[in-house]
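Notes for the one structure printed next.
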Amino acid sequence: MSKKNLAIATILIAIILDQIIKIYIKTHFYLGEEVIVFDWFRIHFVENNGMAMGFEFGGRTGKLFLTLFRIVAVSAIIFWLVGNIKRKVHNAVIIGISLIFSGAVGNIIDSVFYGVIFDQSNHKVATLFSEKPYGDLFYGKVVDMLYFPFWDGILPEWIPFIGGNDFTFFQYIFNPADAFISIGVALLFIFSKQAFPKEEKVVNL
């Protein structure tokens, strides 16, 4: 498989998988519903306005800015990907960049379109292509559902600032798109020499 086809296949598979899972969750779970798969892995449906770990800023203006920023960033990533394909870098680098691109696009789809194709998920299962959508174009909420509470308990008293408090590791809920971005970054870190080659300096004597 050529590096171009590898990138295209990775992007298509990742985006389609991300959206299938999110749409399934939206149309089968109500907001806050949880299914315990294992003690350390649960499907827990939440929504957020698009920032990592559910953080928010600036209300509707901040939400719009974040979405537009992501669109610009995705444009830059695709140029980066094309450049690396032309350089014929290691396949792991191509896959890594493709996964980062796919994850960003996956969450952009939620932010741009979900507000106008779904109705509310509060206390009920959402309807796809609803006649009464919950939001506006560019103001959709990102769907998260993957929850891995590996450990939950009281921290020892000797730990500064947080000792004696209840603590969950890992407490954040994320989605496939977030996972793809993390995997992509990890691949670029592992293959950093191929992803970020140092230019050899020519010394003229």
Side-chain angles (χ1 to χ4, degrees), residues 4-35 42-82 95-147 172-185:
K4 177 182 177 181
N5 288 340
L6 176 63
I8 292 172
T10 301
I11 290 169
L12 289 177
I13 292 171
I15 292 176
I16 291 172
L17 180 61
D18 173 68
Q19 288 302 307
I20 287 175
I21 292 173
K22 288 175 176 176
I23 291 173
Y24 178 85
I25 292 296
K26 280 286 291 181
T27 56
H28 289 79
F29 284 63
Y30 57 82
L31 196 63
E33 184 175 357
E34 179 178 274
V35 172
R42 305 177 185 187
I43 305 298
H44 187 100
F45 174 32
V46 298
E47 292 179 313
N48 66 73
N49 280 327
M51 289 193 68
M53 308 306 181
F55 296 122
E56 300 182 14
F57 75 98
R60 284 176 63 86
T61 302
K63 165 70 173 174
L64 180 60
F65 173 80
L66 177 63
T67 301
L68 294 176
F69 173 79
R70 280 180 166 162
I71 293 173
V72 172
V74 160
S75 301
I77 293 171
I78 200 66
F79 279 109
W80 183 27
L81 176 59
V82 170
I95 293 173
I97 299 174
S98 298
L99 286 175
I100 293 172
F101 174 82
S102 304
V105 169
N107 284 333
I108 286 173
I109 292 172
D110 297 27
S111 296
V112 174
F113 299 110
Y114 275 25
V116 295
I117 64 173
F118 287 107
D119 55 11
Q120 290 285 358
S121 297
N122 293 320
H123 309 297
K124 69 180 186 65
V125 173
T127 302
L128 180 61
F129 303 122
S130 171
E131 295 180 356
K132 296 180 179 180
Y134 70 79
D136 302 312
L137 195 67
F138 284 93
Y139 290 97
K141 295 181 180 180
V142 175
V143 175
D144 294 326
M145 77 298 292
L146 302 176
Y147 182 34
Y172 299 109
I173 302 171
F174 58 99
N175 60 44
D178 299 327
F180 294 145
I181 292 173
S182 298
I183 294 170
V185 170

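Residues: numbered from 1 along the sequence shown.
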Of the non-hydrogen atoms in H28 and E33, which two are nearest, and what is the gap between them?
O-OE1, 4.0 Å

Separation of N107 CG from I181 CD1 (nearest 0.5 Å)
6.0 Å

Is it true that atom CZ of F113 has more than 12 heavy atoms of other residues, nucleotides or ligands lying nearer than 6.0 Å?
no

Identify the heavy atoms of A126 and S121 that sit nearest to each other, and give their distance.
CB-OG, 3.4 Å

State, yes or no, whether a side-chain contact exists between L128 and K26 at a heavy-atom distance under 4.5 Å.
no

Do I15 and D18 come close enough that some side-chain heavy atom pair is under 4.5 Å?
no

Atom of S130, atom of F118 and distance for their closest heavy-atom approach
CB-C, 4.2 Å

Do F29 and I43 make a side-chain contact, defined as non-hydrogen atoms from C-beta onward lying under 4.5 Å apart?
yes

Closest approach of L146 to P176 (non-hydrogen atoms, all atoms of both residues)
CD1-N, 4.0 Å

Can you measure from OG (S98) to CD1 (I8) and round to the nearest 0.5 angstrom?
9.0 Å

Starting at NZ of K22, measure out to OG1 of T27 and round the result to the nearest 0.5 Å.
14.0 Å

Would the number of heavy atoms belonging to other residues, nucleotides or ligands and lying under 6.0 Å from NZ of K124 be above 12?
yes

Would a 4.5 Å heavy-atom cut-off, applied to side chains only, mark D178 and V142 as touching?
no

Give, for atom CG of L6 and atom CD1 of I11, the distance between the pair rounded to the nearest 0.5 Å.
9.5 Å

Do the ring planes of F65 and F69 sit parallel (below 30°), tilted (30 to 60°) or perpendicular (above 60°)?
parallel

Exercise: identify the closest heavy-atom pair between G32 and H44
O-CE1, 3.6 Å

Tell me, do N175 and M145 make a side-chain contact under 4.5 Å, heavy atoms counted?
yes

Does F138 reach the side chain of L68, with side-chain heavy atoms less than 4.5 Å apart?
yes

Check the side chains of S111 and K63 for a donor-acceptor pair under 3.5 angstrom, ignoring hydrogens and angles.
yes

With sequence neighbours excluded, what pairs up with A14 under the side chain to side chain contact (heavy atoms under 4.5 Å, CB included) test?
L99, S102, F180

Full working for side chain to side chain contact (heavy atoms under 4.5 Å, CB included) between D119 and E131
CA-CA 8 Å; D119 55 11; E131 295 180 356; over 6 Å; no

I78 versus V74: any side-chain heavy-atom pair under 4.5 Å?
no

First locate atom OG of S75, then atom CZ of F101, and finally report the distance between them rounded to the nearest 0.5 Å.
8.0 Å

Step by step, would you call N48 with I173 a side chain to side chain contact (heavy atoms under 4.5 Å, CB included)?
CA-CA 10 Å; N48 66 73; I173 302 171; over 6 Å; no

To the nearest 0.5 angstrom, please state how far the OH atom of Y147 sits from the CD atom of E34.
7.0 Å

Report yes if the side chains of Y134 and N122 come closer than 4.5 Å at any heavy-atom pair, otherwise no.
no

